[in-house]
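Taking it in order: structure first as structure tokens, then the write-up.
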Amino acid sequence: MNVVEGIMVSPGIAIGPACVRAPELLSVPSYEISMGQIPYEIERFQAARAKAVQDIEILLQRGEPEIGDMERKLLDSHLLMLNDPHFQEELVRTLKERRKNVESVLREIEESLAEKLESSGDEYLKERGLDIRDVSNRLLSHLLKQKRGNLADIDRECVLVAHNLLPSDIISMNREKIVGIATDFGGKTSHVAILARAFEIPAVLGLSDITAFVRDQDNVILDGNRGLVIVDPDEATLKGYLTSKEAWQQHELQLLNLNELRAETRDGKLLQLESNIEVPDEIHSVLAHGADGIGLFRSEFLYIVPRKFPDEEEQLQAYNRVLEGMKPRSVTIRTLDLGGDKVIPGVIPGGELNPILGWRAVRFCLSKPDVFKSQLRALLRASVHGNLKIMFPMISGAEELESTLEILEEAKDELRGRGQPFDEHVPIGIMIEVPSAAFTSDILARKVSFFSIGTNDLIQYMIAVDRENERIAYLYEPFHPGVLRLIKMVVDNAHSNGIPVGMCGEMAGDPYAAVILLGLGLDEYSMSAIGIPTIKRIIRSVTIAEAEELVGTIMEMKSSQEIDRYVRAWMGERFDFISQY
Ligand code: PEP
Ligand code: MG
């Protein structure tokens with residue numbers, strides 16, 4: 001038995017035989033050619049390119065539900081690469097320079113581009129490296145007349161074990177048969193992670209070398225709740241997990257029974273439980289989990305996947321789709337949070353010394369008023385198609401907020417000038433994710449209609465701990481007394497100014513934090529859709545008085561460890577299912 005720990009990205013337990021997909025390395029011949037053969041090699045390349053374009057177009061024609069919005073954008077970005085004249089020029093130039101067959105030149109270009117991106121240490125850029133490999137593999141398979149291994153061909157139930165998954169693998173994989181996903185590479189923000197959560201497939205990524213010692217048909221347990229993969233389990237472990245799996249499924253079923261019920265405490269306080277989404281396709285899962293609305297739509301994903309700024313009409317279509325699909329529930333769309341760790345080569349440059357403290361989110365938008373206003377006009381126009389709220393990320397103080405609101409007014413004036421309708425009273429809110437905004441939340445609360453606390457960034461900035469750095473992950477503590485005090489300050493400032501306050505950082509979906517947040521006075525929780533029923537179950541079992549008493553006790557404690565121990569015991573006494581988290 002071998003237990004490997006990775007990054008948990010999608011919850012649930014999967015047990016079954018492994019189907020291992022080793023990295024697909026087409027073996028590429030390399031031989032010299034004469035100058036006279038170059039036109040022939042270019043011709044071969046163009047023929048392979050035409051076939052690759054055709055493959056993608058056929059996939060795109062499949063349409064919904066197989067090819068949703070996100071899949072379509074990925075495939076569009078691959079088409080863009082295939083049709084990119086710079087890429088074709090680069091290939092011809094290298095062909096002439098090296099005088100080698102086109103396959104070896106293509107592999108050389110792929111390696112040099114992809115390696116640069118993959119070694120950047122940046123999740124987003126690593127994903128772009130994968131896109132390059134994906135497109136190159138597609139071209140090579142046509143040049144070499146070799147069939148690509150296809151995950152759609154998997155016809156038995158199994159836990160998919162792979163080095164890494166290419167975006168096109170995920171699009172084509174047989175979702176009925178793949179009960180779990182384990183990969184060597186990948187993190188929480190990778191395409192695989194986002195899709196696994198959206199398709200509700202338990203997944204553990206970032207396992208380093210799982211493909212090195214798992215063989216096809218090995219028995220595997222994948223524990224997406226703890227981030228573990230157990231290879232070749234002994235009988236006792238297997239028995240234990242079969243029971244846990246059944247308990248988890250029962251728990252999930254019970255939770256879905258809560259869909260029609262409200263998130264109301266035993267003493268009658270009604271909370272809003274909403275969902276975070278990255279792509280419009282996720283609304284099916286949001287509705288299936290009984291969300292009261294969308295508390296955070298990370299709109300930057302509309303920009304990241306196609307690697308360009310979509311125009312106003314394209315944005316409008318995406319926003320309308322979400323608003324109409326969620327009606328009459330509310331949808332909070334956050335304006336662009338690009339920059340920082342989310343760079344787009346050629347559109348938003350990376351390379352800053354401290355990108356997380358750098359030119360990102362609203363700072364970027366304020367310096368690019370045309371880009372910003374195009375998004376704001378699209379949002380305002382969408383406001384007549386549903387119940388929209390607009391939210392600004394990374395606001396650090398009053399002046400920045402004022403400049404942002406001025407640009408919003410300009411966008412409104414432009415629409416008035418065009419005679420295009422919008423909701424004059426669309427609620428405007430801000431994320432509280434920079435400590436200076438939290439400390440001035442009494443001032444900021446007078447200018448907006450709501451707050452949403454972004455604990456992912458707020459904690460990283462408060463404790464000065466990079467949220468992506470595994471070596472200091474032990475310092476990333478949501479129950480740090482400083483964090484809890486700051487949340488309390490923000491909630492109190494919001495309430496004394498008569499505005500509601502929500503939370504859309506990961507802490508909002510942590511079952512152990514649910515009662516604390518209730519006691520601190522939070523009004524709205526927003527999280528991955530799959531987390532909603534659990535938080536609802538907890539909220540429906542307690543009273544505000546109990547939650548306030550718990551908060552009163554832990555606010556006297558000195559350290560997060562002390563708080564953590566106390567809260568775990570407190571929750572353990574009341575909720576038998578909590579040990580599964
Ligand atoms: C946050 O910072 O808590 C948040 C929700 O935003 P993101 O995770 O997109 O930075
Ligand atoms: Mg943030």
Side-chain angles (χ1 to χ4, degrees), residues 7 9 122-124 127 187-191 193-194 197 273-279 282 286 291 293-305 331-344 348 354-365 375 389-396 400 404 429-438 441 450-469 473 476-480 483-484 486-487 490-491 501-510 513 517 522 524-529 531-532 535:
I7 302 168
V9 300
D122 175 302
E123 280 305 319
Y124 171 72
E127 288 284 324
K188 280 212 154 128
T189 56
S190 61
H191 294 311
I194 292 170
R197 278 196 294 273
L273 294 193
E274 303 189 324
S275 180
N276 295 349
I277 63 166
E278 277 76 30
V279 288
E282 284 179 82
V286 169
I294 288 174
L296 168 65
F297 176 8
R298 291 181 163 101
S299 67
E300 56 274 9
F301 276 78
L302 294 178
Y303 291 60
I304 286 175
V305 178
V331 175
T332 303
I333 303 184
R334 176 175 78 180
T335 61
L336 279 184
D337 186 7
L338 282 174
D341 53 347
K342 298 170 193 145
V343 298
I344 308 183
I348 298 197
N354 282 310
I356 299 300
L357 304 178
W359 190 42
R360 59 175 292 200
V362 83
R363 304 162 183 193
F364 168 81
C365 287
Q375 178 171 41
K389 297 180 191 173
I390 299 175
M391 178 157 78
F392 298 121
M394 287 286 292
I395 293 287
S396 63
E400 199 174 40
T404 307
I430 56 171
M431 290 196 61
I432 300 289
E433 52 183 343
V434 178
S436 57
S441 49
F450 65 92
F451 283 162
S452 181
I453 305 176
T455 44
N456 303 346
D457 278 316
L458 188 62
I459 296 171
Q460 99 165 329
Y461 294 133
M462 259 197 91
I463 309 182
V465 51
D466 178 350
R467 69 194 240 194
E468 304 283 345
N469 188 333
Y476 193 91
E477 290 169 329
F479 293 169
H480 190 296
V483 173
L484 298 179
L486 200 60
I487 294 174
V490 174
V491 172
V501 56
M503 178 178 286
C504 58
E506 292 301 307
M507 187 176 181
D510 175 1
L517 297 176
L522 200 75
E524 296 167 8
Y525 298 57
S526 191
M527 65 201 84
S528 297
I532 288 177
I535 303 296

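For this chain, numbers begin at 1 and follow the sequence in order. As the structure lists them, so they are numbered: ligands from 1, and atoms in each ligand from 1.
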message: Which of the numbered atoms in ligand 1 are under 4.0 angstrom from any heavy atom belonging to T455?
response: 3 (O)
query: Can you name the closest pair of heavy atoms from I532 and E274 and give their distance?
result: CD1-O, 3.6 Å
message: Please list, in number order, the atoms of ligand 1 under 4.0 Å from a heavy atom of C504.
response: 5 (C)
message: For a side chain to side chain contact (heavy atoms under 4.5 Å, CB included) check, start with the C-alpha distance between E433 and Q460, then their side-chain angles and the critical distance, and finish with the verdict.
response: CA-CA 9 Å; E433 52 183 343; Q460 99 165 329; over 6 Å; no
- request: For L296, take its heavy atoms, then give the atoms of ligand 1 lying under 4.0 Å from any of them.
  value: 5 (C)
Whether R334 lies under 4.0 Å from ligand 1, heavy atom: yes
- prompt: Among side-chain atoms of E506 and T455, is any donor-acceptor pair under 3.5 angstrom?
  reply: no
message: Rounded to the nearest 0.5 Å, what separates atom CD1 in I453 from atom OH in Y525?
response: 11.0 Å
message: If you take the nearest heavy atom of each of M527, E278, E300, M431, which one is closest to atom 4 (C) of ligand 1?
response: M431
task: Answer yes or no for E506: is there a heavy-atom contact with ligand 1 below 4.0 Å?
output: no
message: Using 2.8 Å as the threshold, say whether any N, O or S atom from E433 sits that close to the Mg ion (ligand 2).
response: yes
message: Return the OG to CZ distance between S452 and F392, rounded to the nearest 0.5 Å.
response: 14.0 Å
query: What are the two closest heavy atoms between L517 and A508, and how far apart are they?
result: CD1-CA, 4.1 Å
field: Spacing of CE belonging to M391 relative to CZ belonging to F451, to within rounding of 0.5 Å
entry: 12.5 Å
message: Show me which atoms of ligand 1 lie under 4.0 Å from any heavy atom of E433.
response: 1 (C), 2 (O), 6 (O)
task: Could you pull out the atom name of the N/O/S atom in D457 that is nearest the Mg ion (ligand 2)?
output: OD2
